[in-house]
Structures are given as structure tokens and as C-alpha cells.
Amino acid sequence: MSEKQIASANTRLKSAKTGITIEPKGDRLTLRATLPPKPNSDKDKPYQQRIYLGWYANPAGIKRAEAEAHLISENLTKDKFTWADYQEIEVQQSQTLSMPIVSELVEKFKLDKLAQGITARTWKDDYEAVFKGLPQDLAISSEVMVELVRNTKPNTRTRRRYCLAFTALAKFSNLEIDISQYIGNYSPTKVQPRNIPSDELIQQWYEKIPNSSWQWAYGIIATYGLRPSELAYLSFEDLPILNIMKGKT
């Protein structure tokens, strides 16, 4: 879709005789035109150069690029064009291009988090599930992270998880990002309470289980509040204290 939109914009720019063309570079946009030499250049005449805009190759970015092309064309005609207007953009672009691609950065971040002691399950649920939405073969981008956060439902556990994961990844990669305004007011205490059966009802169902082994498993889960998966990792050495040797608890 963006290719057609870029082509349409370039057709309009050509009809307007701007002498400027919009070109994609990765997921960002550039403008190509015959421009004066940059400061400290060894050239003394205008030649074909590119201006890195840093805007995404989406409908909004293409619209901005087309408007910027008209402005540059007008400034060139009036001899008012200056590279100083684009120095900051070029610095930002250079920083972006020097960043590792997402897949490499996430792998380094994963090794760092695991070394800090988080479990593989925590990594999978709280980080990997979030990072898979990033473009894996491109440099890390704060704009993409913000966009992914905004695509989640406000005031939910998912929104909070995205904010925390992206903030941690940005800090690890020395990338400036502030998404604190999106984190919302989700709290586990606000989740609707579970409908927990009474002790009497739990006991009634215990007595209905015909198999003694399953009855024991049911009883130990109910008594100690275990997860069923934890039955395989119990230690009875300190009864009445029950130790779970492996798992989340």
C-alpha cells in the first residue's frame, strides 16, 4: 500500500516541478533532490543528495514528506535552503542506524534478564510475548514501541505489561522513551474476585471421588492451595509444613 501512495505523491511532486522525489529507506522516508553541498563538504556545486526524514513510510509519514518536499522546493527557489534545518534529523537517523536490529537486541536483553534470575516462563510471558510484535529485522524504534502500546486496550494487564517490557528494553539499549502516560491504572486488586467454593462444598466433592489416589491429590491441593502441577514436586520432610521443590511457588 505504501509503495502506491509514495508513487502517487511522487507523481504530484513531478507535476508541480519540485525536482524532489520521496524514497523509502527501510521503514522510514527520505527525500532525494539536487541540493547545495553540506557544511564542510569538499564540493562547491549542488548535486543529488538525500534528506533523511526519520518518518515512517505510512500514510501520515508520506503526507508529511510530500508537504516537506514542497517547502524545500520553495526554499531552493528562493535560495533559502539550509542544511541546519535537517541536522538534528540526520543525527537521529545516524543514531537509529547504529542501533542493533531488534532480534539481536532482544537476544542480548534476554541473556541479561536470565542472568539476573528471572525464569524462562517469566521471560516468555512478560517479555517475549510483547517483543514478538516488533519488526525483528529493523533497528529498535521508540515510535514503533509507542504504537504497539497504544494498540493495546487501556487500563489492562496487557497494556501494563507492554509498557513495562518496552521501558526495560529501551533502558537496556540506551533509547529514550517515555510511555508512563499510557500505563493506566490496572491493578490485580481491581480484578473481579473469584467465586471460591465453601469448605463444606469442597469436602462434599472430596467424599464423592471414588479413586483413593485422586481423592488424596484433591485433598492435598485443597488443604495447601497447590497448583495441580506442583503435586510432582512435594517434600513432606517438614510436615505439617509442605515444601514445593520446583515451580513458581
> Side-chain heavy atoms under 4.5 angstrom apart, residues restricted to Ile, Leu, Val, Met, Phe, Trp, Tyr: same cluster for Trp216 and Trp214?
Replying inline: no
> Taking the side chain from Ser41 and the backbone from Pro37, do they hold a donor-acceptor pair closer than 3.5 Å?
Replying inline: no
> Distance from Ile221 atom CD1 to Ile202 atom CD1, nearest 0.5 Å?
Replying inline: 11.0 Å
> Is Phe236 linked to Leu231 within one hydrophobic cluster, defined over Ile, Leu, Val, Met, Phe, Trp and Tyr using a side-chain heavy-atom separation of less than 4.5 Å?
Replying inline: yes
> Do you know which two heavy atoms are closest between Leu29 and Pro24, and how far apart they sit?
Replying inline: CD2-CA, 4.3 Å
> Taking Asp112 as the fixed residue, which of Lys110, Lys108, Gln116 is the one that meets the side-chain hydrogen bond (donor to acceptor under 3.5 Å, both in side chains) rule?
Replying inline: Gln116
> Side chains of Thr119 and Thr122: donor-acceptor distance under 3.5 Å anywhere?
Replying inline: yes
>> Other residues, nucleotides and ligands only: do more than 12 of their heavy atoms fall within 6.0 Å of CD1 on Ile241?
In response: no
> How about Arg32 and Gln49: does a side-chain donor come under 3.5 Å of a side-chain acceptor?
Replying inline: no
> Are Leu148 and Phe172 joined in one hydrophobic group, where the rule is that I, L, V, M, F, W and Y side chains link up if heavy atoms are under 4.5 Å apart?
Replying inline: yes
> More than 12 non-hydrogen atoms from neighbouring residues, nucleotides or ligands closer than 6.0 Å to CD on Glu23, yes or no?
Replying inline: yes
> If you round to the nearest 0.5 Å, how far is CD1 of Ile220 from CD of Gln215?
Replying inline: 12.5 Å
> What are the two closest heavy atoms between Ile179 and Cys163, and how far apart are they?
Replying inline: CD1-O, 3.5 Å
> Quick check: are there more than 12 heavy atoms from other residues, nucleotides or ligands sitting under 6.0 Å from CD of Glu237?
Replying inline: no
>> Nearest 0.5 Å, please: how far is CG in Leu169 from CG in Leu134?
In response: 7.0 Å
> Does the salt bridge (charged side-chain N to carboxylate O under 4.0 Å, His left out) test come out yes or no for Lys63 and Glu66, once each step is laid out?
Replying inline: CA-CA 5 Å; Lys63 185 176 181 180; Glu66 185 175 354; over 6 Å; no
>> Restricting to non-hydrogen atoms, name the atom on Ile20 and the atom on Ala69 that form the minimum distance, rounded to 0.1 Å.
In response: CD1-O, 3.1 Å
> Should Ile118 and Leu105 be counted in the same cluster of Ile, Leu, Val, Met, Phe, Trp and Tyr side chains packed under 4.5 Å apart?
Replying inline: yes
> Looking at residues at least two apart in the chain, or sitting in another chain, which of them share a ring-ring contact (aromatic ring centres under 6.0 Å, His included) with Tyr127?
Replying inline: Phe109, Trp123
> About how many Å separate CG of Leu71 and CZ of Arg64, when rounded to the nearest 0.5 Å?
Replying inline: 12.5 Å
> What are the two closest heavy atoms between Leu53 and Ala65, and how far apart are they?
Replying inline: CD1-CB, 3.7 Å
> Which value, rounded to the nearest 0.5 Å, describes the distance between Arg159 atom CZ and Arg161 atom CZ?
Replying inline: 14.0 Å
>> Which heavy atom of Ile22 sits nearest to which heavy atom of Ile6, and what is that distance?
In response: O-CG2, 3.6 Å
> Is it the case that more than 12 heavy atoms not belonging to Asn151 sit under 6.0 Å from its CG atom?
Replying inline: yes
> Can you tell me how far OG1 of Thr21 sits from CG of Asn10, rounded to the nearest 0.5 angstrom?
Replying inline: 5.0 Å
>> Please check if the number of heavy atoms outside Arg160 that lie under 6.0 Å from its CZ is greater than 12.
In response: no
> Are Ile244 and Tyr224 connected in the hydrophobic side-chain network, where two residues link if heavy atoms are under 4.5 Å apart?
Replying inline: yes
> Nearest heavy-atom pair of Asp178 and Ser180: which atoms, and what distance?
Replying inline: OD1-OG, 2.8 Å
